[in-house]
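Atom set for the values below is all heavy atoms of this structure, side chains included, hydrogens, waters and symmetry mates excluded. Proteins get letters first, then strands, A, B, ... in listed order; numbering begins at 1 in each. A quick note: this is a predicted structure, and the numbers were derived from the prediction, not measured.
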Amino acid sequence: MSARKPERAPDFIREMVAADVAAGKNEGFVATRFPPEPNGFLHIGHSTAICLDFGIAEEYAGTCNLRFDDTNPTTEDERYARAIEEDIGWLGFRWNGPPRYASDYFEQLYRHALQLIRDGKAYVDSSSEEEIREGRGTVTEPGTPGPHRERGIEESVELFERMRAGEFEDGAHVLRARIDLAAPNMKMRDPLLYRIRHAAHWRTGDAWPIYPMYEWAHPLSDAIEGITHSLCTLEFLPNRELYDWVVDNTRPGIEAGEPGSWSPRPRQTEFARLNVDYMVMSKRKLAELVREGRASGEQGIHGWDDPRMPTLSGLRRRGVTPESIRHFCDLVGIAKADKRVDIGKLEHAVRDDLNRRAARRMCVLRPLEIEIENYPEGKTEWLPAPDFPVDVGRRGSREIPFSRRILIERGDFEEDPPADFRRLAPGREVRLKYAYLVTCREVVREPETGRIRRLRCTYDPATRGGSAPDGRPVSGTIHWVSADHGLPCEARLYDRLFTVPNPEEDADFHEHLNPGALVVVPDACIEPSVAGDGSGTHYQFERLGYFVRDRDTGEGGRPVFNRTVELKDPWTRSQLRAEARAEEPAEVPGGSAPPGERAPQVVGEDTGRRDRDGIRRRVPELDERFRSYVSELGLPEEDADLLTGDLAVAGFFDAALAEGGSPRAVANWVVNELLRELKGRSIDDLRFGGPELGRLVGLVEEGDISGRMAKDVFRRMVDKGGDPEEIVRSRGLEQINDPEEIGDLVDRAVEAHPDQTARYREGQTGLLGFFVGQVMRATGGKANPEVVGRLLRERLK
RNA sequence: UGGCCCGUAGUGUAACUGGCAACACGCUUGGCUCUGGACCAAGAGAUUCCAGGUUCGAACCCUGGCGGGCCAACCA
């Protein structure tokens, strides 16, 4: 039994939070929030976000708010909010204080908006929806200002106040931020902040004829609540720039008009959403299934909590436990790459949990009667059966009745069994679990159809409890129920809702609905011990799978059991695989691509080079330098090209070169190291200039410091500025070149790692890097790696 | 098509920030077993998307390409 908390490498968000706390940001306090819109039920895709938001708050003794993002009155409803609360609580999380609502902040949000207008950063636009869309431009073309963009502050204030007073029709005006209509990020092209909507809100009723957009309400709500880390999914990444804009252009003290800024200042971080094979995760599509299900009757989805649904309420009714969902989220992790997780992973998490907690019971789904000829008519024995197998290590047992007529699973008998069949067959003896060994003597058929009606068997009275005194081998153990005592019940066998791994890929996901996602077995039979159990009780039906008692009852009030997940069953799967193989025609040799051969990749045009060529055509000075770098300095064209894409970089290079280094080395440094630093910033923001870099290159070329040390020095110049010689001197970074001194270090490294030494000598020469790393680390990077490598090769021979 | 994000065994996530490509699921084989479950052991499976470059050394840094995703709602 492994501990419940597996050691898991922290994800990038936890690393970030840990760093923030360590750096003392917000006095080390962590406040997160989970912000669902109450317009549908939570599904398993949300569980990663829930586990992350609430989990991080727990780990840092911080808080996590539950905030309903209820800014769109036409789609939202109270019943969704309540269902969301129930699901989060069921998962085992508790939110900080009462649930929050964006609608609680409507008044504040409104006042902040007025302030924004007064600051000249927002305006009322009276254009039509279509005009606004057109004015925004496209992803390739900038937008164009509409006629109201320069509307005066007073006029905008007045219009906005009248919007709030309800004087205008829906769509007559909107409030927009004045940012940048030419911004490459479409979200920054004067986003809408408020729209007029004469609709009753489920919480605020008719109090508001205008409603804030997500773009306005969300960052402000975070700021108002003092959220430190605002975590959301990847599709909001373009929103971050706007999120920051809103937070930076508003301030807590509205009336006073004092400058001030939000503290804590919330930061948005995005992670990839969770997708699971054979499921759909879009609330719209799930709502569609619920709506259509109501219309289509019996076979249709019965509601948000239909056990075929990926909703938390559906999974709950299916018998999935909150612990398994949380464990599943741990297994999946948090990262930034889009993911589609194997449904088998969820099933594993479910089995792993249920194996420990679900008591074993016996239930026969498709009964076949056996009559035990030598067992007295009318006799009943109550045989003890443990609730758990020994390996689970839990106590508890019940008694199950045994009689002359027993029901077994139809699939557990085979007249002409395959070689490795470990169940009942004519003349064979098997064990009825916890009862007796029985032998099949005769097959009784329906006279008309030839179908097997029942089996005649005999039992060995000496095997009571299931073990033979003589220790003879048995061909298998099967489950059973006494025909005279068993309880009729209904079993609902669930399977994946869709037949393809990614149903959302195609235009109409309905085509891939799995008609076999629910198979109802109305006439199953179960041992009587379960009669008094309540709905929600988990079981493992021996050899079948995990089941949970449903709240429904079947025909005549019989209990209903939902199959949560089947047991792993290599035998059935290998049978199915064999069948599939038999049906599929043998592969034609040479029909498909030969293994190991890869389709050649088409290499496209170098657009970066083309762009820089364009710049050089327009700036003769750069073009001149490009040509002289190639012809006079002997640089490769590729380097010369990168150095002459803009004047500042070329100038930096020239200044560095003037310090006397070789053109090739200086170019390498500029291209490989400087360009990285220039990614998020301009060359003017650098804390050092070309001459400093040139001197650094000089130190390397003179052999004063190693290339590796030079990178450390460079790092320091980036962070704090400074002169390379000075840094080297003050920190004692001079390179160790002395072979004798290095030889000692090499000896020590070899002696300290006998395992690796042996493996190296066996041919794992890739370990050389490991040894070099050891020596480099021991010297703080000061050893000359070339010398280290040479000596190591000699020593390890 | 412009901008941004992302490419590591079949799947998901790591790799001490440039030094032995690891863990989990799945798969195969064996052991054990009164569940063809669980458990235990072993194994297969990777051109770290591709091509150049920097470096003693690249999954990691630079350049380019390829592929996937997101963004032009008065939705969130």
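Of the candidate nucleotides B:G36, B:U63, B:G53, B:U63 has the atom lying nearest to any side-chain atom of A:Leu675. Listed nucleotides: B:G36, B:A38, B:C62. Nearest to the side chain of A:Lys568: B:A38. Looking at the side chain of A:Val332, the nearest of the listed nucleotides B:A38, B:G53, B:G12 is B:G12. Comparing atom distances between the A:Lys679 side chain and each of B:G37, B:G36, B:C62 picks out B:C62 as nearest.
Comment: A:Arg609 engages A:Asp613 in a salt bridge, judged by a side-chain N to carboxylate O separation of less than 4.0 angstrom. Looking at A:Asp11 and A:Arg14, a side-chain N of the basic residue comes within less than 4.0 Å of a carboxylate O on the acidic one, giving a salt bridge. For A:Arg472 and A:Glu429, the salt-bridge test passes: some basic side-chain N is under 4.0 Å from an acidic carboxylate O. With respect to A:Arg422 and A:Glu414, no salt bridge is recorded, no charged nitrogen being found less than 4.0 Å from a carboxylate O.
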Tabulate atom names and distances for all N/O pairs under 3.5 angstrom spanning the protein and nucleotides 28-32 of chain B.
{"residue": "B:U28", "atom": "OP1", "partner": "A:Arg577", "partner atom": "NH2", "Å": "2.9"}

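Rounded to whole Å, atom P of B:G18 lies 19 Å from atom CG of A:Leu768. In this structure, A:Asp606 atom CG and B:G53 atom C1' are separated by 13 Å, rounded to whole Å. The distance between atom CG of A:Asp330 and atom C1' of B:U13, rounded to the nearest whole Å, is 12 Å.
Using a 4.0 Å heavy-atom criterion, one finds that A:Gly789 contacts no nucleic acid atom at all. Residue A:Phe68 is out of contact with every strand shown, counting any heavy-atom pair closer than 4.0 Å. Within 4.0 Å of A:Val671, counting heavy atoms only, lie sugar-phosphate atoms of the nucleic acid but no base atom. A:Tyr434 comes within contact range of at least one nucleobase, with a heavy-atom separation under 4.0 Å. The residue A:Ile334 sits close only to the backbone: its heavy atoms come under 4.0 Å of sugar-phosphate atoms, none of a base. Residue-level contact check: A:Arg708 touches the bases, meaning some heavy atom is under 4.0 Å from a base atom. Among the heavy atoms of the strands lying under 4.0 Å from A:Asp420 is at least one base atom, whether or not backbone atoms are also near. Residue-level contact check: A:Lys345 touches the bases, meaning some heavy atom is under 4.0 Å from a base atom. Using a 4.0 Å heavy-atom criterion, one finds that A:Glu241 contacts no nucleic acid atom at all. Among the heavy atoms of the strands lying under 4.0 Å from A:Arg543 is at least one base atom, whether or not backbone atoms are also near.
A stem is defined here as three or more consecutive Watson-Crick or G-U pairs, each with both distances under 3.5 Å; for RNA chain B these stems are B:2-7 with B:66-71, B:10-13 with B:22-25, B:27-31 with B:39-43, B:49-53 with B:61-65.
Under the 3.5 Å distance criterion, with hydrogens and angles disregarded, no donor-acceptor pair is assigned to the side chains of A:His479 and A:Arg360.
Below the 3.5 angstrom threshold, one finds no donor paired with an acceptor across the side chain of A:Asn668 and the base of B:G53. Side chain A:Arg759 to base B:C20: a donor-acceptor pair is found below 3.5 Å. Taking 3.5 Å as the limit, the base of B:U54 and the side chain of A:Glu673 contain no donor-acceptor pair of atoms between them.
When the options A:Asp606, A:Thr644, A:Asp641 are evaluated for a side chain to side chain donor-acceptor pair (under 3.5 Å) with A:Arg612, the one that passes is A:Asp641. When each of A:Arg357, A:Arg356, A:Arg351 is checked for a salt bridge (Lys or Arg N to Asp or Glu O under 4.0 Å) with A:Asp353, only A:Arg357 meets the rule.
Taking syn as a glycosidic angle within 90° of 0, B:U47 does not qualify and is anti.
Between A:Arg793 and B:C56 there is no side-chain N or O to OP1 or OP2 distance below 4.0 Å.
In this structure the side chain of A:Phe236 never reaches within 4.5 angstrom of the side chain of A:Tyr243, judged on heavy atoms.
A:Phe160 and A:Tyr194 have their aromatic ring centers within a separation under 6.0 angstrom.
The main-chain N or O of A:Phe168 is found under 3.5 Å from a side-chain atom of A:His198 such that the two form a donor-acceptor pair.
Straight-line distance between the P atoms of B:A51 and B:A59: roughly 13 Å, to the nearest whole Å.
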Nucleic acid footprint by protein, nucleotides 69-76 of chain B - heavy-atom cut-off 4.0 Å, B for base, S for sugar-phosphate alone: SSBBSBSB
